[in-house]
Amino acid sequence: MGAAVLSVQGLGVATTRTPLLADVSFTIDSGERVGLIGESGSGKSLTALAVMGLLSDGVRANGTVELAGHEGNLLERPEREMAKIRGSDMAMIFQEPMTALNPTMRVGAQVAEVMRIHGTEPSKAAAKSRAVELLDSVGLPDPANVARSYPHQLSGGQRQRIVAAIALANSPDLLICDEPTTALDVTVQALVLDLIVRQAQERDAALLFITHDLAVVATVCERVMVMYGGRIVEAGPVTEVFTDPRHHYTQGLLAASDLSMPDGSRRERRSLPTIAGSVPGAGHFPDGCVFRNRCEAATEACTEVPTWHDRGDGAGYACVHPLGADSSSGHGARDD
Amino acid sequence: MTQPIEQEITRSRRRPINATLIVGAVLVGVIVATAAVSLVWTPQAPMRVLSTEAYQRPNAEFWLGTDRLRRDVFTQILLGARTTLLVGIVAVGVAALIGVPLGILAAMSAGWFGQLIMRSNDILLAFPALLLAIMFAAIYGGSTQVAMVAIGIATIPSFARVTRASALSVLRTEYVTAARAAGRGPVAIAVRHVLPNVASLVIVQASVAFAIAILAEAALAYLGLGTPTGQPSWGRMLYEAQSTLRSAPHLVLIPGIAIAWSVLGFNLLGDGLRDYLDPKLEDR
Amino acid sequence: MPACTRWAPIPHPGMGHAMTEPILKLTDVRREFRRPRTSLRTPPPVVRAVNGVNLEVAPGERLGIVGESGSGKSTLLRLLSGLDQPTSGQIEVQGRRVDGQSSRQLKWLRETMQLVFQDPMSSLDPRMRVRDIIAEPLVAAGMSAAGKREERVVTLLQSVGLPKDAIDRYPHQFSGGQRQRISVARALAPQPKILVADEPVSALDVSVRAQVLNLIDNVVEGFDLTLIFVSHDLSVVRHVCDRVAVMRRGEFVEVAPTEELFADPQHAYTKQLIAAIPTLSAALGGRTAAALADEVNQQAGGENRD
Amino acid sequence: MILPLVRRFGVLVASVVASSLVVFAFMQVLPGNPARVALGLNASEGAVERMTTQFGLDRPLPVQYWEWASGMLTLDPGIEYISKAAIGPQIADRLLITLWLVGLAMALAVAIAIPLGVWMAVRHRHADGVVLTAASQIGVAIPAFLAGIVLISIFAVRLRWVPSDGWVAPAEDPVLFAKSVVLPTISLALVQGSVLARYVRSAVLDVLREDYLRTARAKGLTPMQALWRHGSRNAAIPVVTVMGLQLATLLVGAVVIERVFVIPGLGSLLLDSVSDRELLTVQSIVMVLVVAVLVINFIVDALYLMIDPRLKTGAR
């Protein structure tokens, strides 16, 4: 594993009225694949947009975001300089392949453009032929023909490969994927996941992979961060977090998402464990521990923001009543 | 047998009232108040020729001065508000009452009938309000009534279009499918689901159409094809004052401001309502 | 690729007698759509959304229909619920024909079969109160006494785990999971025999999905319903259903009891579909993205599908 | 691309035929004999009868329609009832003047509105954007003829820079032409420019929210570059519709402005014909204007096909 490519410290995001993200800190090394999981409204996409400097107008970020090879805090950089970094040293793949491409421009030109912007190819013609090579390398059959198509003539899986080609064109040090396969069919998902991992590995890029699907994150990533209510509530190596969770939310999520039994066999018609209630809307999470209004173990102590407990090996959690050996309190999910 | 869940029915959608909406409502409110006042009180008898000087500047006795024919301008402005509102209400009423049902009908009849409605609509769309009103005036002569009806007819297509587009998107929702699956007939679906859900867009359209109707009426009156001489109308006042622009500019400015005021009011009201009623546009 | 035919209805585990009259029967059902003409020389293209589907569902059975986007599962669902007419073929519910009937003639079907939809945002009319939403099938069925309707709505709310005071609220005041509960209550209102669920959990968060799956399980059990459950997610279908039909390009490629299908899939497409599901246990056991893709490619025989 | 265009052309032809029927039928609703209407109540029975036979007003309606419609096709719809002047050449001469006015006004409106609208959208959260938006709202509310009157009072009456009325053909004297056309053009363009600017603003705001614009920025384009390279074509789609509608509005709006500035355009001819009860002329002018609107709609549709590749294949 290489040196840290991305380092985020105390990142917060807020609109004028509502805080959306608080105290988000993590680092990703080169060649490392880190997953960020959470449900809708957890703030995982905001984290990605804040790192990319693509937050929309009325939303502001504070804290520090550092990218290897660039001095200082990215959040303080003027737009013009950020534009130079985006698409070259860090790139992003988005969730909705249907809308992420310009409908009135041929896809080949859209891929070639990213190389022309950053001057990685000397001429228009060179960028064009390189674009066709890229389309080939992301597994599109008949790439020359695809390059001449408009997005509406392609399927969702094909479009997502094109979005990937755009992101990978300049071999970024950091690749951020925001739910890249959520809109795709399951068979296509398997192929696109493979593509993303393979391409990131080839370039020794740091990968930040955002998803709501625990199985996908376990397949793709080595390390995982669990996000809820705009905070990272637990983080660590995938095997550790998913087999021995400390936070009640992680535990509940694990129980609710796996429909088969732990050994992979079918769970006979029995009630699934659930997490009570539903995810509050932005700005409606409780003070202190964001999960405490849905947590069975919550006590008076949870009204304070829980401190981060280090488990070593980069793992940790933010919970006053953690699960596991050193705790006596109950479990996060009900089996009823 | 059921598992009670934690009760947290929350998220009541509190819509912010925007500044545009307030300004629009105030401007329109003033026009409505003016028209209402004129029903019970005017400084002078309507359209009376006074025994005083013509072309007076605004003064203590005649708040907005007098015109060429020695009539009180303030009285005419008050009465003109009535004409303006009347024209708007009738024109928009005609357009909405015909256009909205046509739009819903066109959206709900998929085959040739829906096509026929929209094609006829497109042809009517080729007759702009002013042109249609001039045609009407050529046949029936110029009057406020003819102008109102002509403007109303010319405004039907815009209502039909807006309603159809919006109704089509409502008809594609799952709650309409659910209603069909529940056994609801087309009439019940149109009345219970489509109409309430297109209503907000129709209200916005009505406000904008009101402004356009006011402009069209003023233009017609100015051309001498709308409200005839001797009846109160802002457009007419402008026409009569044009020749004396140099000596008495206030006679142009006052009705001009009144027209712009009301058009602005209804446009702002429409814009404000659009933002207020459509949650998708919240971040604008 | 030949379709693997195991058409015969499998009596579900709880049922003693082997053969009952099917509650739902589809015979060679087809639905074609004509696309707009793209050239003057060639005839307008025809899309065969449903292409010769045969199916029998026994009362009390829980059938899953699985397919990816464009497989025709939504069209099939519209056909069997009488919302669309097949180009050819027969659809029978409790021995009565559904195809070729006007919506007026299908009033009985509305009291026999009800639907739960995918999108909790758009499946409830935002301008209606919960009271009117749930009562809508009752009104359509001709229950005119408002007091009686109200009583029924309150009972239904309770049976889906919502409080009584939800009755006067509007849909936007509820979370996605709660809205799906309202949807289920509406479907139960006319006391149907068959519940058709169209991707009822795919728009929900993981932590809420389990709640809704439990609810569906409970009402199917408690009200003795036959369940048709449509989903793109095999693992959800596996949890809910007794028997699974795998659909692709308008056809059923394989129909089998759930565990049989998972343990021993016959059709290559089914194998591919099962192989493609990322599972937590397999991933923690060391299955990488490359391994996952390899399995899919192996099953597809090199056929690139996207 | 060809097939959708052919289809739309078919719609255009059908619409022209249908609207000509509407116009013709509309003019027949008039109670009484058109000759009586044209000559007035004081004319003798003999005069009315002579005119009726001369113009064939007693023939069956389909025959009259056919004669008029085929006359329109050959640009010769007939002669006026009273003056007996040929209608075709008159319309042609006047239409040319109106087209100058409309063309210049549209060009000016577009030149103002597009940069203004983009500015308003990009700066919509800043003070300058809000102020411009409010100003455009006021621009929309001022009727063109009021703007004309005010402009005359300032630049013609007080400052005497330009004449307050009249028309000089460009071939006759380009400088005088420019002077005579500047105020009417500005009056027309002010309102239409404001309206258009507001549509440009909302189209650009819509595009700014699109995912592909975010993709463009993730590629390393600055917001303005992204808007220019990826947004302009997409924002053009709704704007072109509005421009088509505006051209139609301008054609008719010119009627009023021609009256304000005493310009002998098609609008003046229309109004004169209305007051002279020359119904055949009115009918023919209305038809010319309606055909112009329909042709504009057709051009807008054709432009769509060029801008939006999704429409070329016929699939949406």
Side-chain angles (χ1 to χ4, degrees), chain B residues 1-16 104 108-112 115 163 166-204 276-282, chain C residues 78 81-83 103-104 106-111 113-128 132-133 136-142 158-163 165-166 169-175 177-178 181 183 186-187 189-190 196 198 208 211 214-215 218-219 221-222:
Chain B
M1 58 158 286
T2 58
Q3 147 223 23
I5 57 156
E6 183 193 338
Q7 300 318 327
E8 39 139 354
I9 302 171
T10 50
R11 281 194 248 178
S12 71
R13 182 168 41 178
R14 228 175 281 125
R15 290 171 160 149
I104 293 181
M108 292 185 77
S109 25
W112 61 270
Q115 282 286 319
T163 307
S166 169
L168 278 177
S169 70
V170 171
L171 287 170
R172 271 194 292 268
T173 59
E174 288 183 338
Y175 60 80
V176 168
T177 313
R180 290 181 61 200
R184 280 300 190 126
V187 177
I189 287 175
V191 175
R192 305 261 304 167
H193 294 286
V194 177
L195 202 54
N197 283 290
V198 302
S200 61
L201 269 179
V202 169
I203 290 169
V204 170
Y276 178 68
L277 295 171
D278 186 356
K280 275 188 305 237
L281 299 177
E282 255 168 19
Chain C
R78 292 177 59 80
S81 49
L83 296 170
S103 57
R104 210 171 294 230
L106 284 176
K107 275 234 139 73
W108 63 272
L109 181 70
R110 309 305 174 206
E111 288 153 45
M113 180 188 279
Q114 277 290 313
L115 285 84
V116 175
F117 296 90
Q118 169 173 10
D119 183 357
M121 308 308 269
S122 101
S123 60
L124 307 176
D125 189 333
R127 314 252 165 205
M128 272 193 182
D132 299 318
I133 290 171
E136 188 160 44
L138 300 174
V139 176
Q158 277 165 354
S159 57
V160 297
L162 285 172
D165 63 353
R169 293 173 185 271
Y170 286 97
H172 66 82
Q173 295 172 298
F174 296 88
S175 70
Q178 289 168 326
R181 286 172 193 271
S183 237
R186 170 177 59 190
V196 177
D198 183 8
V208 179
Q211 293 173 3
N214 285 346
L215 174 71
N218 285 338
V219 299
E221 193 78 39

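Chain naming here is simple, since letters A, B, ... match the order of the sequence lines and numbering starts at 1 in each. Values in this document were obtained by computation on a predicted structure and should not be read as measured data.
Residue C:Glu111: no heavy atom, backbone or side chain, is found under 4.5 Å from chain B. For chain B, the nearby part of C:Arg78 is the side chain; its heavy atoms alone come within less than 4.5 Å. At a 4.5 Å heavy-atom cutoff, the contact between C:Met128 and chain B is made by side-chain atoms alone. Within the 4.5 angstrom heavy-atom criterion, no atom of B:Arg172 approaches chain C. C:Gln114 touches chain B through its side chain: at least one heavy atom from C-beta onward sits under 4.5 Å away, while N, CA, C and O do not.
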Under 3.5 Å, side-chain donor or acceptor atoms of residues 175-184 of chain B against the rest of the protein: list the pairs with distances, not counting sequence neighbours.
residue  : atom : partner  : partner atom : Å
B:Tyr175 : OH   : B:Asn197 : ND2          : 3.2
B:Thr177 : OG1  : B:Thr173 : O            : 3.3
B:Arg180 : NH2  : C:Leu83  : O            : 3.2

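B:Arg192 is listed as a side-chain neighbour of C:Asp132, based on a closest heavy-atom distance under 4.5 Å.
In the displayed structure, B:Met108 atom CE is contacted under 6.0 Å by more than 12 heavy atoms of other residues, nucleotides or ligands.
Scanning both residues, C:Arg127 and B:Ser200, for their nearest heavy atoms gives NH2-OG, 3.9 Å.
When C:Val139, C:Leu115, C:Leu106 are compared by the number of non-hydrogen pairs under 4.5 Å with chain B, C:Val139 comes out ahead.
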